[in-house]
Amino acid sequence: MQITLKDGNSISVEAGKTLLDVAESISGGLARAALAARVDGKVTDLLYKPDADCALEILTFDDPDGRHALRHTASHVMAQAVKRLYPTAKLAIGPAIEDGFYYDFDVETPFSSPDLEKIEAEMSRIVKEKLPVERFELPRDEALDLVAKQGEPYKTELINDLPEDAVISFYKQGEFTDLCAGPHIPDTGRIKAFKLLSTTGAYWRGDSTKKVLCRIYGTAFTKKDDLNAYIEALEEARRRDHNRIGRELEFFTTTDYIGQGLPILMPKGAKVLQILQRFVEDEEDRRGYLLTKTPFMAKRDLYKISGHWQHYREGMFIMGDPDGEGEVFALRPMTCPFQFQVYLSKTRSYRDLPMRFNETSTLFRNEASGEMHGLIRVRQFTISEGHLACLPEQLEEEFRGCVDLAMYMLRACGLDSDVSFRFSKWDPANTDKYIGSAEQWDSVQALMKQILDGLELDYTESEGEAAFYGPKLDIQIRNVFGKEDTLITIQVDFQLAERFGMEYVDRDNSKKHPYIIHRTSIGCYERTLALLIEKYAGALPLWLAPVQAVVLPITDRTHGAASDLRDRLRRLGYRVDVDLRSEKIGYKIREAQNQKIPYMLVLGDKEAESGEIAVRSRADGDIGSMTVDEFIQKLGEQSRPPV
RNA sequence: GCUGGUGUAGCUCAGUUGGUAGAGCAGCUGAUUUGUAAUCAGCAGGUCGCCGGUUCGAGUCCGGCCCCCAGCUCCA
């Protein structure tokens, strides 16, 4: 038969040869580096024997699917090692993930780090054994027999959940056989560099009502150097962690007495938030938004109308017995029902629309205790909140305007190339979580999809991520550890206007409900600050830096001139400090540099005489002397956001 | 909320088999007047996360709670 290769050439192959044999016939080097193959676009094992003409691509570690196969096999090797060392461990699932793999085990006592060392050592033995990884398929009843004989109840459950017509495949390496769809690499010897990274609990099937299993995370590479580079990158990420440098640089702190998820913003962090908030509010002003300031709490009656009482009660801080008589208040988890009251305060005409309300809004959400993380996930936060009421024919343009504003903010912060877009839809299988009918959801989601496609955004779709009242466009970003969070969200709401009785009088004198867009422009300020700190490793761009320059007198003879310079720059609106301590200039520079202050202005006798200052930048070191006016011009050029 | 890890000076961390707590940095005082990433000396600093238990005696052992970290679940 004829096999067409990636380069367009084709070779003829006898029946019964494996893809690995084909790779060998192309080149020995390719065969040694090969991990998996793509046959007619479908990823396959190298031990697969083609039986018809096909297009073939041999996959190495450079291909994501090749990496995936290597790490998937590494997870099987880990499971095999665990079964050798702990025969009573029950196997759950063990996939490859973005940077590695994991396997979930049901064990009496969870694994600890000495266990991981033992498992790693056993894995090394399995790799040395160079066991071939062979695939076979079984009919459903035989497959169930096999896993029953193995004593693997989780595998039984997995098989029972497979669709009627599913092919049930197993992979066998030495004494170890695992239910698995594959693909896998041809033998365990190809796992040249691997490491087990951590152990943690994880729910069976991701369901918090089900049993907690013990998950071991690891990663695998084909070269030791690549593994070392990966571990080095992990350490570098830890050095950028906002939760670490945000505290070191005194942006924020926490205390045991205040409570979880309630960070204290220190002068520097508070300053950055103030700069961001002013920037956002000013820009929204220019875009026709109407600023509101609404209460932080309300009676439960308000939340009953909005649906929060029924759908979000767990997440709210409630004052008093929620089911008791009399007045019960709750802190607001969202601004919507409050800002709606502004709309409702008088009769609105179609001529009034669109109306765009914004608010720098503090919200309170009672997150579960294990979910807090630095400034990224907290219980009280401030969001660049906004709600737009518009006519159906205005929806697309207003939505577009919200996306444009969000992108403007991301560009200003330098985060625009770090985000991805997610169209978050409801889960039709879990209607309890949402309000409204399937027809309503289908129609508004179709409408939103049309708008998104019109915007030519590169987005993914995700079921079950919608708000309880409508679908969302989420702008997602990853933190320094790779964990994804929503930075900005823009939501189309077709239901709350009706619930709240929000109406406008149309041209024909009839009353209609407007569409509502819920949106943020820069997201939640605390989270945005956290991501900025991580993005810039604490060295925020000049326009955001809490201290933009520090004046460093060399001796106390220039203390007066240094203080005068600081005052002059401050009067111009720049954030400038002076370091009057009796320390050597090298010491003062070291400290300013560690504080990531953009400019250090060295002022000694020489400068006092010449009227210039010696300027040092945190990025480029000593950049020479200049007059104060020249420096002011330099500051001016850099002190606006890049939009 | 769940699983695991952790908690000792402002910060980073030592602290042996249970015998009464230590370093570096930061701070304070003094000296030094310094030219582009750490000047020297001295001083002070602790309810060993909190509460309870075992013990003649607990930072160390046991129990409960709290906080912090990673992951799961959840979410801006």
Side-chain angles (χ1 to χ4, degrees), chain A residues 102 104 109-113 197-217 238 241 243-244 247-248 250 253-262 312 314-315 333-334 361 363 365-379 381-385 424 464-465 467 472 474-477 481 483-489 491 518 520 522-528 530 552-559 581-594 600-607 614-618 621-625:
Chain A
Y102 68 80
D104 287 345
T109 40
F111 297 120
S112 59
S113 33
L197 299 167
S198 62
T199 132
T200 170
Y203 299 108
W204 168 235
R205 313 210 105 175
D207 182 340
S208 60
T209 63
K210 297 216 162 93
K211 187 160 185 183
V212 176
L213 306 171
C214 180
R215 175 173 298 178
I216 303 178
Y217 283 97
R238 269 189 274 277
D241 181 3
N243 206 9
R244 178 192 172 104
R247 291 169 195 269
E248 278 170 12
E250 298 181 12
T253 186
T254 50
T255 82
D256 293 3
Y257 309 107
I258 291 183
Q260 268 198 305
L262 297 168
Y312 206 80
E314 294 281 286
M334 296 170 191
S361 178
L363 303 181
R365 297 188 186 175
N366 193 6
E367 305 288 354
S369 66
E371 279 152 20
M372 261 63 76
H373 172 63
L375 293 177
I376 284 184
R377 195 73 187 278
V378 292
R379 280 181 163 146
F381 55 94
T382 302
I383 194 166
S384 53
E385 183 79 280
S424 297
E465 298 285 352
K472 312 191 282 176
D474 290 321
I475 303 183
Q476 302 289 105
I477 191 161
F481 296 113
K483 192 180 160 85
E484 190 178 272
D485 274 301
T486 301
L487 190 63
I488 293 175
T489 179
Q491 311 170 357
H518 305 239
T520 69
I522 207 171
C524 144
Y525 288 98
E526 292 83 352
R527 180 175 286 185
T528 302
L552 307 178
I554 289 177
T555 73
D556 50 16
R557 290 188 296 281
T558 50
H559 277 192
R581 293 174 305 171
S582 165
E583 298 288 353
K584 291 167 76 170
I585 192 67
Y587 183 85
K588 293 183 183 182
I589 284 171
R590 180 184 158 80
E591 277 208 347
Q593 197 79 43
N594 286 339
M600 289 149 266
L601 311 177
V602 176
L603 187 45
D605 292 333
K606 235 175 2 187
E607 287 75 20
V615 181
R616 183 187 166 95
S617 112
R618 70 179 168 199
D622 191 349
I623 54 173
S625 290

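Every chain is numbered from 1, with letters handed out A, B, ... down the list of sequences. Because the structure is predicted, anything quoted here is derived from the model rather than measured.
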Trainee: Mind checking A:V212 for me? I need base, sugar-phosphate or nothing, with any heavy atom below 4.0 Å counting as a touch.
Mentor: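 Sugar-phosphate, no base atom in range.
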Trainee: NA contact type, A:R557, heavy-atom cut-off 4.0 Å: base, sugar-phosphate, or nothing?
Mentor: sugar-phosphate
Trainee: If you look at every strand shown and take non-hydrogen atoms under 4.0 Å, does A:A614 touch a base, only sugar-phosphate, or nothing?
Mentor: base
Trainee: So, OP1 or OP2 of B:G35: does either fall under 4.0 Å of a side-chain N or O from A:Y587?
Mentor: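 For B:G35, neither OP1 nor OP2 has a side-chain N or O of A:Y587 closer than 4.0 Å.
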Trainee: With a non-hydrogen cut-off below 4.0 angstrom, is A:Y217 in contact with a base, only sugar-phosphate, or nothing?
Mentor: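 Sugar-phosphate, no base atom in range.
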Trainee: Counting the atoms with a prime plus P, OP1 and OP2 as sugar-phosphate, which does A:R215 contact under 4.0 Å by heavy atoms, base, sugar-phosphate, or nothing?
Mentor: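 Since only primed, P, OP1 and OP2 atoms lie under 4.0 Å of A:R215, the category is sugar-phosphate.
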Trainee: Tell me what A:E607 touches on the nucleic acid: a base, only sugar-phosphate, or nothing, going by heavy atoms under 4.0 Å.
Mentor: base
Trainee: Mind checking who B:G24 pairs with, Watson-Crick or G-U wobble, both distances under 3.5 Å?
Mentor: B:C11
Trainee: For A:G370, answer base if it contacts any base atom (sugar-phosphate contacts may also be present), sugar-phosphate if it contacts only those atoms, and nothing otherwise; contact means non-hydrogen atoms under 4.0 Å.
Mentor: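 Contact class for A:G370: base.
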Trainee: Base, sugar-phosphate, or nothing: which does A:D605 touch, judged by heavy atoms less than 4.0 Å apart?
Mentor: base
Trainee: Under 3.5 Å, is there an N or O donor on one side and an acceptor on the other linking the side chain of A:E367 and the base of B:G1?
Mentor: no
Trainee: Phosphate oxygens OP1/OP2 of B:C66: is one of them under 4.0 Å from a side-chain N or O of A:Q260?
Mentor: no
Trainee: Is the phosphate of B:A37 approached by A:N594 (side-chain N or O, under 4.0 Å from OP1 or OP2)?
Mentor: no
Trainee: Kindly indicate whether the side chain of A:R616, heavy atoms from C-beta on, has any atom under 4.5 Å from the side chain of A:Q593.
Mentor: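 The answer is yes; the side chains approach within 4.5 Å.
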Trainee: Looking at every strand, decide which applies to A:S582 at a 4.0 Å heavy-atom threshold: base, sugar-phosphate, or nothing.
Mentor: base
Trainee: Is there a side-chain contact between A:I383 and A:S361, using heavy atoms and a 4.5 Å cut-off?
Mentor: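 Of all side-chain heavy-atom pairs linking A:S361 with A:I383, at least one is under 4.5 Å.
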Trainee: As a test of reading the structure: which of B:U39, B:G71, B:U36 is closest to the side chain of A:D622, going by heavy atoms?
Mentor: B:U36
Trainee: Applying a 3.5 Å limit to both distances, which nucleotide forms a Watson-Crick or G-U wobble pair with B:C65?
Mentor: B:G49
Trainee: Under 4.0 Å, counting only non-hydrogen atoms across every strand here, what does A:G586 touch: a base, just sugar-phosphate, or nothing?
Mentor: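 A:G586: backbone/sugar contact only, no base atoms under 4.0 Å.
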Trainee: Could you tell me whether the side-chain ring of A:F381 sits stacked on the base of B:A76, using a centroid cut-off under 5.5 Å and a plane angle under 30°?
Mentor: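 Here the ring of A:F381 and the base of B:A76 are stacked, with centres under 5.5 Å and planes under 30°.
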Trainee: Across the strands shown, which category fits A:K588 at heavy-atom distances under 4.0 angstrom: base, sugar-phosphate, nothing?
Mentor: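 Contact class for A:K588: none.
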Trainee: Ignoring backbone atoms, test whether A:R247 places a side-chain nitrogen or oxygen under 4.0 Å from the OP1 or OP2 oxygen of B:G10.
Mentor: no
Trainee: What nucleic acid atoms does A:S369 come within less than 4.0 Å of, heavy atoms only: base, sugar-phosphate, or nothing?
Mentor: base
Trainee: Using a cut-off of 4.0 Å on non-hydrogen atoms, how would the nucleic acid contact of A:I585 be classed: base, sugar-phosphate, or nothing?
Mentor: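 Sugar-phosphate contact only.
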Trainee: With a 3.5 Å limit on both atom pairs, tell me what B:C40 is paired to, counting Watson-Crick and G-U wobble, or say none.
Mentor: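 Paired with B:C40, as far as the under-3.5 Å criterion goes, is B:G30.
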Trainee: Heavy atoms only: give me the nearest A:A614-A:S625 pair and the separation to one decimal.
Mentor: CA-OG, 3.9 Å
Trainee: Going by distance alone, is a donor N or O of one side chain under 3.5 Å from an acceptor N or O of the other, for A:R247 and A:T254?
Mentor: yes
Trainee: Is A:K472 touching bases, backbone alone, or none of the nucleic acid, heavy atoms closer than 4.0 Å?
Mentor: sugar-phosphate
